[in-house]
Structure formats: C-alpha cells, structure tokens
Amino acid sequence: MNVSRLFTNGLIFGTILMLSACNNTIQSDEHNQEKNPVTNEKSDKNAAETQDAEVIKTGVDEVVQSIDALVTEVNAEADPEKIQELGEKVSSNWDSIEKQVEDDYPDWYERIEKNLYPLIGESGNPEKDTEKIQELSKATKEDLRLFLKEVK
C-alpha cells in the first residue's frame, strides 16, 4: 500500500510540476510581449509596409495590363470609343494606388505621371494620335517597371 501511495503522490506531483512549467511558458511569452512593445511595433510596421508594397505591386501590374490592352486596341485601329474606354480603365487602375504612391514615393509619382496623364488625355481626345499613344504607353510602362524595382 505504501508503494501505491508513493506512486500516486509522485504522479500528482509530476503532473503539477508539468502544468506549472507550461503556465510559466505562457506567462513568459505574454511578459516578453508586454516588455518589448518596440519589437512588436517594428513587427507590425514591417508587416504593414510589406502589405502596402504588395498592394502597390498589384496595382502597378493592373495599370501595365490596361496599358497593354490600350496599345493592342490602338494597333488594331479600333474604334475611338473603345480606345477612350481603355484609357479610362488605365486611369481607374492608377487611381486605386495613386495616393499611396504619391505618399510613399513622391519622386516616382511625379515621374510616372509625366507620361501617364498625357497618355490618358490622348486616349480621350476625339482625334487620337496613335503614334503619340504608343510612345507615351512605352514610356509609362518603362517608368512603372523601374518603379517596381524600387518598391520594397
């Protein structure tokens, strides 16, 4: 009977010891998070920057695709209304990321818009200059590609 009592006491003591060790680990993690708010802020900031960069990259890809569609339509000598519609799509895609690019990359924002806005404007002109649309498209896409290399 003493062996049975000793075994039971050992089992209970071992269980309590193991549970208290698990509890210390949880408290230790919580304590570390409270103790190092700067580390947590940096993690949150890095995650936000990564997410912002992904949004910009996706938006730039959409702008490039819409410019490609515009150029394809211009090369096919499509009807002016279709060209205008595609120019509006380029504008809409750019609008979705414009503010973020302007805030985070002001120099690139100015550079991109030097060709982008004339491209959008030309696509809306009643008498379209297809050569000018192609030149502006090429320059804008090149700026966007270079810009993507800078996005972190």
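Scope of the values below: all heavy atoms of this structure, side chains included, with no hydrogens, waters or symmetry mates.
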Practice problem: Mind running side-chain contact (heavy atoms from CB on, under 4.5 Å) on Gln84 and Ser123 for me, showing each step along the way? | Solution: CA-CA 5 Å; Gln84 181 174 348; Ser123 69; 5.8 Å; no
Practice problem: Give the C-alpha distance, both sets of side-chain angles, the deciding distance and a yes or no for side-chain contact (heavy atoms from CB on, under 4.5 Å) between Trp94 and Leu144. | Solution: CA-CA 11 Å; Trp94 175 249; Leu144 290 170; 4.2 Å; yes
Quiz prompt | side-chain hydrogen bond (donor to acceptor under 3.5 Å, both in side chains) partner of Asn125, the single match among Lys128, Glu127, Glu122 | solution =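 The single option meeting the side-chain hydrogen bond (donor to acceptor under 3.5 Å, both in side chains) with Asn125 is Glu122.
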In Å and rounded to the nearest 0.5 Å, what is the [atom1] to [atom2] distance from [X] to [Y]?
X      : Y      : atom1 : atom2 : value
Leu86  : Ser92  : CG    : OG    : 12.0 Å
Asp79  : Glu85  : CG    : CD    : 9.0 Å
Ile83  : Thr130 : CD1   : OG1   : 7.5 Å
Ile112 : Leu119 : CD1   : CG    : 13.0 Å
Ile67  : Ile133 : CD1   : CD1   : 11.5 Å

Quiz item: Do you know the tightest heavy-atom contact between Leu70 and Ser137?
Solution: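 Closest approach of Leu70 to Ser137: CD2-OG, 4.5 Å.
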Quiz item: In terms of ring plane angle, is the pair Tyr105 and Phe147 parallel, tilted or perpendicular, where the classes change at 30° and 60°?
Solution: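 Judged by the thresholds at 30° and 60°, the geometry between Tyr105 and Phe147 is perpendicular.
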Quiz item: Around atom NZ of Lys141, are there more than 12 heavy atoms of other residues, nucleotides or ligands at under 6.0 Å?
Solution: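 Count over threshold, so yes.
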Practice problem: Starting from the C-alpha separation in whole Å, work towards a yes-or-no answer on side-chain contact (heavy atoms from CB on, under 4.5 Å) for Ile120 and Leu136. | Solution: CA-CA 9 Å; Ile120 293 167; Leu136 291 168; over 6 Å; no
Quiz item: Under the side-chain contact (heavy atoms from CB on, under 4.5 Å) criterion, do Leu148 and Asp61 qualify, and how do the steps go?
Solution: CA-CA 9 Å; Leu148 280 178; Asp61 286 341; 3.9 Å; yes
Quiz item: Applying salt bridge (Lys or Arg N to Asp or Glu O under 4.0 Å), which residue pairs with at least one partner in residues 102-118 are found, sequence neighbours left out?
Solution: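 Residue pairs passing salt bridge (Lys or Arg N to Asp or Glu O under 4.0 Å), neighbours aside: Lys99-Asp103, Arg111-Asp143.
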